[in-house]
Amino acid sequence: MLGPVILAASRSDRMRRFISAAPGTKQVVDRFIAGENVDHVLPVVRESVGKGLELTLDVVGEDITTPAEAAAARDAYLELVGRLKDLGFGTKAEMSVKLSMFGQALENGHELALANVRPVVEAAAAIGTTVTLDAEDHTTLDSMFAIHEELRKDFPQTGCVIQAYLFRTEDDARRLAAAGSRVRIVKGAYKEPASVAYQDKAEIDKAYVRIMKILMEGDGYPMIGSHDPRLVAIAQELGRQAGRKLDEYEFQMLYGIRSDEHVRLAAEGHRMRVYTAYGTDWYGYFMRRLAEKPANLLFFARSILTKG
């Protein structure tokens, strides 16, 4: 399978240099990345909200090696909050953050990441919006969940992400499906060993449905992160069975993927949030998008061949 190979390449400096220099790369990156800076992304925010969509904004970048870089990532999000304040869209434009960007992998990383992310969450709350903590590889999750729990003491609207391919996630979902919680479920986009994660797509899909059912039947707010039409339909049915109104859960999909479906779901009355990434350090994010769907890889390969 190509997915694991691509995920391995996402951590290769040599592949980073090769992909970055490929003639067709920019065309494909532009499909998934909304721009290089906040000035580029704000028009996307305005246009999307005008279509009845909501957004979660991600400043891409994960390879943080110093506390100064972690502080710079914090400041990039604070700049974003300041610019969103002027738009006044409230929860229609929230933010997603990876704690690795805030220094989680550095010395005393748990404390450093918490110290860096807290002012972002506080600033978001001050303008009427919120933050969701993205899940990364399984070794980081205990720290992420602990930071999530700590932040929710003062900012209960802070969300988090769970990944269906991990064996632990059904238990995590039961714990998180409580009143006031906001939980995004995704399939998972990191290379994980068979000791902790399902490797077969069919098993991952089955786990995804089981976890959706837990979230829909719980007291929290489920956020369904999937482009799979079958899983979207199952989510709608589970929502009906659980007696949820259309605004009591939401769908989330990636910028640049199935854009027509974004608009269709919103037109049906669903809350539809588009995960919108921007920034210059796009490589890791981009490679995971290629790994998730063979069609993305074919699109990239075709672009290189036609531009080369």
Give the minimum heavy-atom separation between [X] and [Y], together with the two atoms involved.
X: Val44; Y: Leu55; value: O-CD2, 4.4 Å
X: Ser100; Y: Glu136; value: OG-OE1, 2.7 Å
X: Gly159; Y: His148; value: O-CD2, 3.5 Å
X: Glu79; Y: Val38; value: OE2-CG1, 3.5 Å
X: Ile33; Y: Gly279; value: CG2-O, 4.0 Å
X: Cys160; Y: Met144; value: CB-SD, 4.0 Å

Within-4.5 Å side-chain heavy-atom neighbours: [X] and [Y]:
X: Pro229; Y: Arg258; answer: yes
X: Leu57; Y: Leu80; answer: yes
X: Pro222; Y: Met212; answer: no
X: Val131; Y: Val120; answer: yes
X: Gln104; Y: Leu112; answer: no
X: Tyr208; Y: Ile224; answer: yes
X: Arg118; Y: Asp154; answer: yes
X: Thr132; Y: Arg182; answer: yes

With no hydrogens and no angle check, just 3.5 Å: does a side-chain donor-acceptor pair link [X] and [Y]?
X: Tyr77; Y: Asp58; result: yes
X: Glu54; Y: Thr91; result: no
X: Tyr275; Y: Asp134; result: yes
X: Gln252; Y: Arg184; result: yes
X: Thr56; Y: Glu94; result: yes
X: Ser226; Y: Asp228; result: no

What I want to find out is whether [X] reaches [Y] closely enough, with some N-O distance under 4.0 Å, to be called a salt bridge.
X: Arg175; Y: Asp171; answer: no
X: Arg264; Y: Glu268; answer: yes
X: Arg273; Y: Glu250; answer: yes
X: Glu203; Y: Lys206; answer: yes
X: Glu149; Y: Arg152; answer: no

Legend entry - Aromatic contact, Tyr255 with Phe32 (centres under 6.0 Å): no
Inset, instruction - Would you please indicate if the ring centroids of Phe251 and Tyr249 are separated by under 6.0 Å? - result: yes
Inset, instruction - Starting from the C-alpha separation in whole Å, work towards a yes-or-no answer on side-chain contact (heavy atoms from CB on, under 4.5 Å) for Asp200 and Ile204. - result: CA-CA 6 Å; Asp200 179 72; Ile204 296 170; over 6 Å; no
Nearest-0.5 Å distance, [atom1] of residue [X] to [atom2] of residue [Y]:
X: Leu78; Y: Arg74; atom1: CG; atom2: CZ; answer: 6.5 Å
X: Ile162; Y: Phe145; atom1: CD1; atom2: CZ; answer: 7.0 Å
X: Leu114; Y: Asn116; atom1: CG; atom2: CG; answer: 9.0 Å
X: Ile185; Y: Arg210; atom1: CD1; atom2: CZ; answer: 10.0 Å
X: Leu238; Y: Leu215; atom1: CG; atom2: CG; answer: 10.0 Å
X: His270; Y: Leu246; atom1: NE2; atom2: CG; answer: 5.0 Å

Does one hydrophobic cluster hold both [X] and [Y], with members joined at side-chain heavy-atom distances below 4.5 Å?
X: Leu141; Y: Ile211; value: yes
X: Met216; Y: Leu265; value: yes
X: Leu84; Y: Leu53; value: yes

Could you check whether any side-chain N or O of [X] sits under 3.5 Å from a backbone N or O of [Y], counting only pairs where one atom can act as donor and the other as acceptor?
X: His138; Y: Val196; value: no
X: Ser181; Y: Leu176; value: yes
X: Glu69; Y: Thr65; value: yes
X: Glu170; Y: Ala164; value: no
X: Thr129; Y: Ile127; value: no
X: His227; Y: Met253; value: no
X: His262; Y: Ile257; value: yes
X: Ser48; Y: Val45; value: no

Legend entry - Evaluation steps, salt bridge (charged side-chain N to carboxylate O under 4.0 Å, His left out), between Lys213 and Glu217: CA-CA 6 Å; Lys213 189 171 189 294; Glu217 292 178 350; 2.7 Å; yes
Legend entry - Neighbour count above 12 (heavy atom, 6.0 Å) for Lys92 NZ: no
Inset, instruction - Using the side-chain hydrogen bond (donor to acceptor under 3.5 Å, both in side chains) rule, take Thr169 and Gln163 through it: C-alpha gap first, then chi angles, then the decisive distance, then the call. - result: CA-CA 6 Å; Thr169 300; Gln163 301 167 103; over 6 Å; no
